[in-house]
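Source: prediction; values computed, not measured. In what follows, chains carry the letters A, B, and so on, assigned in the order in which the sequence lines appear, proteins first and then strands, with residues in each chain numbered from 1.
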Protein chains: 2
Amino acid sequence: MSIEKFKRDTFEIFKAAVEAANPVKALKNSVKVSNGKIHVLGYQYNLNKYENIYVVGGGKASGLMAQTIEEILGGKITRGHVNVLKGTKRNYKTRVIELNEASHPIPDLQGLTGARKILETAMEAGERDLVISLISGGGSALITMPSEGVSLEDVKETTNLLLKAGATINELNSVRKHISQVKGGQLAKAAYPAEMLNLIVSDVVGDPLDVIASGPTSPDTTTFQEAKNVLLKYNLWSKVPKSVSKRIEMGVKGLIPETPKPGEKIFRRVRNIVIANNRLAVEAAAKKAEELGYNAAVLSCYIEGEARHVGTVIGAIALEINKYNSPFKKPVAVLGGGETTVTVKGKGKGGRNQELVLGAALKIKGEKNLAVASMGTDGIDGNSEAAGAIAHGETVERALEKGMNPVSYLEENDSYTFFKELGDLIVTGPTGTNVNDITCIIVGSTTQ
Amino acid sequence: MSIEKFKRDTFEIFKAAVEAANPVKALKNSVKVSNGKIHVLGYQYNLNKYENIYVVGGGKASGLMAQTIEEILGGKITRGHVNVLKGTKRNYKTRVIELNEASHPIPDLQGLTGARKILETAMEAGERDLVISLISGGGSALITMPSEGVSLEDVKETTNLLLKAGATINELNSVRKHISQVKGGQLAKAAYPAEMLNLIVSDVVGDPLDVIASGPTSPDTTTFQEAKNVLLKYNLWSKVPKSVSKRIEMGVKGLIPETPKPGEKIFRRVRNIVIANNRLAVEAAAKKAEELGYNAAVLSCYIEGEARHVGTVIGAIALEINKYNSPFKKPVAVLGGGETTVTVKGKGKGGRNQELVLGAALKIKGEKNLAVASMGTDGIDGNSEAAGAIAHGETVERALEKGMNPVSYLEENDSYTFFKELGDLIVTGPTGTNVNDITCIIVGSTTQ
């Protein structure tokens, strides 16, 4: 099969994946109104039951979600406040839901203003109201509201200290959830006793509800004591702002309430529904691959690890298929999903997907009739303008002919320049969604 | 399925793998004598045709191979010289083939004496003779014979300089093959015009014949000019011993013959047969898994990369199977083969297999009904006494209960201590073979 054919097919497969995860499409597929009821993937909400429907939320996809939920629910929405990325408000059309711009990844005061309105709206909602929240990746920064007495600067400083000390994401979150009014289930607590329906676009591998946007509507399993232990562990207890240690100490002593915990009654009124995630995209990709005449298999939607080494393993599986027609039968597209990481050591331009593909390229060099491609579903891979890249068995040889040593580009984290020179970048521009990455091994049939 | 049952099954699966790759068994399966002919996997050698049968070779498995080939060929062998690991000669019983001890990985003078006899025997063989060579991992050091005028010290110094400069294995070999009398097809050249049958136990991923034992019977694709370019590239041209640069310069000028190249007529008399490799072991493992009632699949025998990240991907595939019964149907054993690497940063004890399993353990934590295991087929993983380890969904929790943080053990490259404390090491002692590593994902059926 020709390289161009592989490229064409891969791009079609990836396009289907990104389209499936588009918030507009996903929301319209998941939420329908008929006979006076909202139908959400098998669940029903009787519109006559509610005095008010409020819409809140925030995240990179939440602007499109707000616009779409208005389309779906028509005039049923009483009021709404949703925080969107700075500079994007004009891209969305809403009548009832007020959009507020907020900065990311460092929260700003404008975002705080929006977050206050979101919290106030949730708190205003009563037993006969429905609160719909629209949550997507980036929501943690976009809906920031520090606890009383803690300033935005205090939160930033605490976060920076923990990151520098090498705290894990779970450790970081256990602290952040205890100095916030939103994170760790506190948005759900604010909405209680209203009924709450959370529509979520997941940007976290495996869809852990307590991690996506820092889990504003999901029970928090961490405690003030654990938050304190984390700060003690990294010798930061006396270094974080006084407002932070004071609040956490009060929490430890039981003087202020804990974040809501699993099993608490407020969660009986809460339903969290992931309407789009990596799996949705990867499965759409597999379906498209089958339409194009390939066997299709989903290897895993939990792929993580250092990008180049993940690429080596992906390349090893591609080799096995190509040489032994096993464990998947040719012609085949093997799809993977997840999100890898890059430990940056060089000064080049690139991203985790491009580096994964470069790692795979070295492994499949010299092979005929196969390709490996990977892209970020948001269309932006690392610090580059590309979404990802594609490599074939001839990629390494073509590079060497041009005087480019693939290993040197890998060492410099310069995968973007490498694939740009070869004309093998995947460029889409921002796609309007973010459900992690998608990787594809594609192997032609032996007879071709 | 209980942890103990998983352990038992995994150990049986691994045992079958190691047994299949045992040089004695592999040689007896591959080489048979009947009706005056040697039958080697479909090829025949008419014993009446030959005036003499000589046996040469070297490598970690070559002592057992020598003993076994004597058993198989009875009194047909005229003479033989095989180099074995220092201190192991007394473990093997041969009558006709003389075993010579040699050191590894740094060659010594005793090894040189053996290598000289090997070369002399090969050169003595004529058109009506058969030379059988027994090659296995470690053969590069065990059959060392520098080119005329180059001393053993000169070779060592050149190797060290290249390693320190960061040369790749291919670059290193292009130089070493041009200052040797054995490597890069030169043993085959010495044996010409005799017929040559090479029986190989492969310890290199993918079985590249020009890499196993530095390819003594395989065409060399590298040239004197390339060897010089490598030394120039790393600014070592004026730093390597004079004997080395002088020889390579003479080669570049065409004053001494090149190593034998692909297509040269000497290779028409040469047959290289891999009698045991990673795939043989992995396929035996798959067969045993099926006997134990599992579905079995070979994911790839080309697995390489940094061990912990490979473990993350293996864990991701295990998760996918456990949660979605796909892409392989439960109950299933998914086998992988290859050899990963560890970038050592800590001061702990461990090896690539144990680190791979620790990486996987973090990924599968909390899951029920599955395990990931990995071991070196030689029985020795890294700087530890264990061959490998096994992890389950409860491994991380069990460790945390004992106050052991898995991430810290990973950071310290202390996977051995981690699994020793949990009682989850795989300990076999030296197995007598080395065909890289074997990894196994095992997932129980949903109904159990």
Side-chain angles (χ1 to χ4, degrees), chain A residues 166-168 170-171 205-208 233 279 282-283 286 295-324 326-328 332 334-341 343 356 359-360 362-364 366-367 405 407 411 439 441, chain B residues 166 168 170-171 205-208 233 279 282-283 286 295-324 326-328 332 334-341 343 356 359-360 362-364 366-367 405 407-408 411 439 441:
Chain A
T168 67
N170 286 335
E171 290 172 334
V205 175
D207 308 333
K233 172 180 172 187
R279 185 166 299 277
V282 169
E283 282 177 355
N295 299 312
V298 176
L299 184 67
S300 177
C301 284
Y302 300 96
I303 294 174
E304 296 179 297
E306 182 74 21
R308 65 186 65 194
H309 298 295
V310 174
T312 304
V313 179
I314 293 293
I317 296 168
L319 270 185
E320 183 78 18
I321 298 168
N322 205 30
K323 287 182 190 282
Y324 292 88
S326 165
F328 305 108
V332 69
V334 180
L335 284 313
E339 191 167 314
T340 63
T341 44
T343 309
L356 184 159
L362 287 162
K363 189 75 187 178
I364 61 171
E367 290 293 302
N405 182 347
V407 175
E411 280 166 5
T439 302
I441 299 169
Chain B
T168 67
N170 286 334
E171 289 172 335
V205 175
D207 308 334
K233 173 181 172 186
R279 185 166 298 279
V282 169
E283 281 176 356
N295 298 313
V298 176
L299 184 67
S300 176
C301 285
Y302 300 97
I303 294 173
E304 296 179 298
E306 182 76 20
R308 65 186 66 193
H309 298 295
V310 174
T312 304
V313 179
I314 293 293
I317 295 168
L319 270 186
E320 183 78 17
I321 298 167
N322 206 30
K323 286 181 189 282
Y324 291 88
S326 165
F328 306 108
V332 69
V334 180
L335 284 313
E339 191 167 314
T340 63
T341 43
T343 308
L356 185 158
L362 287 163
K363 189 75 186 178
I364 62 172
E367 290 293 303
N405 182 348
V407 175
S408 312
E411 280 166 5
T439 302
I441 299 168

**Request:** Give me the ring orientation class for A/Tyr324 and B/Tyr302: parallel if the planes are under 30° apart, tilted from 30 to 60°, perpendicular past 60°.
**Result:** tilted

**Item:** Part of B/Arg308 within contact of chain A (heavy atom distance under 4.5 Å)
**Value:** neither

**Message:** Counting heavy-atom pairs closer than 4.5 Å to chain B, which one of A/Ala316, A/Ser326, A/Gly336, A/Ala318 comes out on top?
**Reply:**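 Top count of heavy-atom pairs under 4.5 Å with chain B: A/Ala316.
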
**Request:** Determine the option with the most heavy-atom pairs under 4.5 angstrom with chain A, choosing from B/Ala297, B/Gly305, B/Ser300.
**Result:** B/Ser300

**Message:** Below 4.5 Å, heavy-atom pairs only: which of B/Lys323, B/Lys363, B/Glu320 has the largest tally toward chain A?
**Reply:** B/Glu320

**Prompt:** Of B/Ile314, B/Ile441, B/Val298, which is the lone residue that meets side chain to side chain contact (heavy atoms under 4.5 Å, CB included) with B/Val334?
**Reply:** B/Ile441

**Asked** So which of B/Ile303, B/Val313, B/Thr340 actually passes side chain to side chain contact (heavy atoms under 4.5 Å, CB included) with B/Leu356?
**Response**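 The option that passes is B/Thr340.
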
**Request:** Would you check if the side chain of A/Glu304 reaches a backbone N or O of B/Thr312 as a donor-acceptor pair within less than 3.5 Å?
**Result:**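 Not at all, since once roles are kept as given, no pair shorter than 3.5 Å links the two residues.
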
